[in-house]
Amino acid sequence: MHDRKRPSRRRLVQFGGFVITGSMLSMRKAAGAEPSSDVPAEAPTGRRTKTLDQNYFKGMYATEADPWRFASSPYERDKYAATLAALPRAHYASALDVGCSIGVFTHQLCPRCDAVVGLDVVPSVLDAARARCADCPNARFMLAAVPGDWPHGRFDLIVISEVAYYLDRPDLARLVARVEGALLPEADIVLVHWLGVTHYPLSGDEAAEGFIAGARNFATVVKQSRTAEYRLDVLRANKSDAR
């Protein structure tokens, strides 16, 4: 999930649980209205200072079933293909897809795994993911706001795609700890993040580099690639450290 700019996309500004278009915001400014006190705090850079909560994502999905165009964007299509191609193994026993949204990538991941667990924070989104993956009996989904919520079990593949930059640095550290505790020996961790300007607590580079630094005691980078739009990092858990 991310905030890519597309020529056809309306500018969306989040106020509490509501989504306001750029034209509506202009009308509010012209009328002299002040932003709601419920707006999450922003740093001088314009970025949010705290982890984005469930209400933020509920707001994004309130008016559009697929606001980030996961099912139709050429960017997403190419990124998913690159992510699958970057997986070091042809097949995995158990995979975790953190921030699965409507399940487009989860559905593509299922043939490569014996079992896949998808996590997201919006119930209606998980309903859409279940419907999309109805032909995948190895997929299950869980309502979870990471890093506070986390599934039981251990995994030999954890995918964190366009998610870590929604977290502030303390929560990113907690996510790293969650991942460490959920790894099977020599598991793979895949990080994918958009590199454009966002209003999230972290940039794509900050999120990826922060995760890699936090995981240095239990995982090693084995593959990295970078396009003009996103970066992809693959880490391998150290056999002796994964618990």
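For the numbers below, each heavy atom of this structure counts, side chains included, while hydrogens, waters and symmetry mates do not. Sequence positions, counted from 1, serve as the residue numbers for this chain.
Taking a cutoff of 4.0 Å between a charged side-chain nitrogen and a carboxylate oxygen, Glu162 and Lys79 qualify as a salt bridge. Of the charged side-chain nitrogens involved, at least one lies within less than 4.0 Å of a carboxylate oxygen, so that Asp205 and Arg226 count as a salt-bridged pair.
You'll find the side chain of Asp156 reaches within 4.5 Å of the side chain of Ser94, heavy atoms only. The closest side-chain heavy-atom distance from Gln224 to Ile212 is below 4.5 Å. With contacts defined as side-chain heavy-atom distances shorter than 4.5 Å, the pair Cys136/Val116 does not qualify.
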Taking it one step at a time, do Leu109 and Leu84 satisfy side chain to side chain contact (heavy atoms under 4.5 Å, CB included)? CA-CA 7 Å; Leu109 187 60; Leu84 292 171; 4.1 Å; yes
Stepwise side chain to side chain contact (heavy atoms under 4.5 Å, CB included) check, Arg231 with Glu209: CA-CA 11 Å; Arg231 64 178 287 169; Glu209 294 299 333; 2.7 Å; yes
Stepwise side chain to side chain contact (heavy atoms under 4.5 Å, CB included) test for Ile160 and Leu175: CA-CA 10 Å; Ile160 302 172; Leu175 175 64; 4.2 Å; yes
Phe155 vs Val117, test: side chain to side chain contact (heavy atoms under 4.5 Å, CB included). Steps then yes/no. CA-CA 10 Å; Phe155 306 89; Val117 177; 4.1 Å; yes
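A donor-acceptor contact closer than 3.5 angstrom links the side chains of Thr51 and Asp168. Donor-acceptor pairing under 3.5 Å is lacking for the side chains of Ser161 and Tyr80. Side-chain contact annotation: His107 with Asp135, donor-acceptor N/O pair under 3.5 Å present.
The CG atom of Asp97 sits 9.5 Å away from the SG atom of Cys113 when rounded to the nearest 0.5 Å. Expressed to the nearest 0.5 Å, how far CG of Asp53 lies from CZ of Arg48 amounts to 9.5 Å.
The ring pair (Phe, Tyr, Trp, His ring centres under 6.0 Å) with Tyr165 is formed by just one residue from the set Trp194, Tyr200, Phe211; it is Tyr200. Screening Arg236, Arg112, Lys223 for a salt bridge (charged side-chain N to carboxylate O under 4.0 Å, His left out) involving Asp188 leaves a single residue, Arg236.
The minimum heavy-atom distance between Ala144 and Leu119, with the atom names listed, is CB-CD2, 4.2 Å. Across every non-hydrogen atom of Gly204 and His193, the tightest pair is CA-CB, 3.9 Å.
A donor-acceptor contact shorter than 3.5 Å is absent between the side chain of Asp66 and the backbone of Ile102. With Asp120 contributing its side chain and Ser101 its backbone, the two residues share a donor-acceptor pair below 3.5 Å. The backbone N or O of Asn238 sits nowhere less than 3.5 Å from a side-chain atom of Thr220 that would complete a donor-acceptor pair. For the pair Arg130 (side chain) and Ala139 (backbone), a donor-acceptor distance under 3.5 Å is absent.
The 12-atom threshold is exceeded at CZ of Arg89, counting heavy atoms of other residues, nucleotides or ligands nearer than 6.0 Å.
With hydrophobic clusters built from ILVMFWY side chains whose heavy atoms lie under 4.5 angstrom apart, Leu143 does not share a cluster with Leu96. Leu126 and Tyr166 fall into different hydrophobic clusters, where Ile, Leu, Val, Met, Phe, Trp and Tyr are joined by side-chain heavy atoms under 4.5 Å apart, directly or via other members.
Between His199 and Tyr56, the ring-plane angle classifies as tilted under the 30° and 60° cut-offs.
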